[in-house]
Peer 1: 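Input: one structure, supplied below.
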Amino acid sequence: MKIDWAALGSVFGVSLAATVGLVGLFTLGVVGLAKYESATATTGRGGAGTAGLARAGAYACFALCVAAVAYGIRLIVA
């Protein structure tokens with residue numbers, strides 16, 4: 001039995017980068033929603049200015065997370 005260490009290292013590197021990237025993206029989404037909630041509580045307006053931008057950015061981050069998970073499931077199933 002011979003282990004291809006280069007291929008194993010490559011898979012490890014890609015997996016680590018994907019995991020860190022996905023967790024970072026989800027974290028940005030949570031931070032965006034927190035900024036939206038704090039801006040809404042302070043001003044009382046939901047869709048104005050930076051509060052609306054924070055919410056839109058958070059939803060975009062969550063959508064990218066869902067797309068990445070769906071792509072991973074597609075790779076496993078297909």
Peer 1: Taking ring pair (Phe, Tyr, Trp, His ring centres under 6.0 Å) as the definition, give me every residue that meets it alongside F26, ordered by chain and number, with sequence neighbours left out.
Peer 2: F62
Peer 1: Hey, is the main chain of V23 close enough, under 3.5 Å, to the side chain of T27 for a donor-acceptor pair?
Peer 2: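 Pair found, side chain donor or acceptor close to backbone of V23.
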Peer 1: If I compare all heavy atoms of C61 with all of L25, which pair ends up nearest, and what's the gap?
Peer 2: CB-O, 3.5 Å
Peer 1: For residues Y36 and L53, determine if any side-chain heavy atom of one lies less than 4.5 Å from a side-chain heavy atom of the other.
Peer 2: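 SC-SC contact between Y36 and L53 ruled out.
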Peer 1: State, to 0.1 Å, how close A54 and G32 come at their nearest heavy-atom pair, and which atoms those are.
Peer 2: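 That would be CB-O, 3.5 Å.
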Peer 1: Would V11 and I76 show up in the same hydrophobic cluster when neighbours are defined by side-chain heavy atoms closer than 4.5 Å?
Peer 2: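 No, no single cluster joins them.
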Peer 1: Quick one: does L22's side chain get under 4.5 Å of V69's, heavy atoms only?
Peer 2: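 The answer is yes, as the side chains (C-beta and beyond) meet within the 4.5 Å cut-off.
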Peer 1: How long is the gap from CG on L28 to CG on L64, to the nearest 0.5 Å?
Peer 2: 10.5 Å
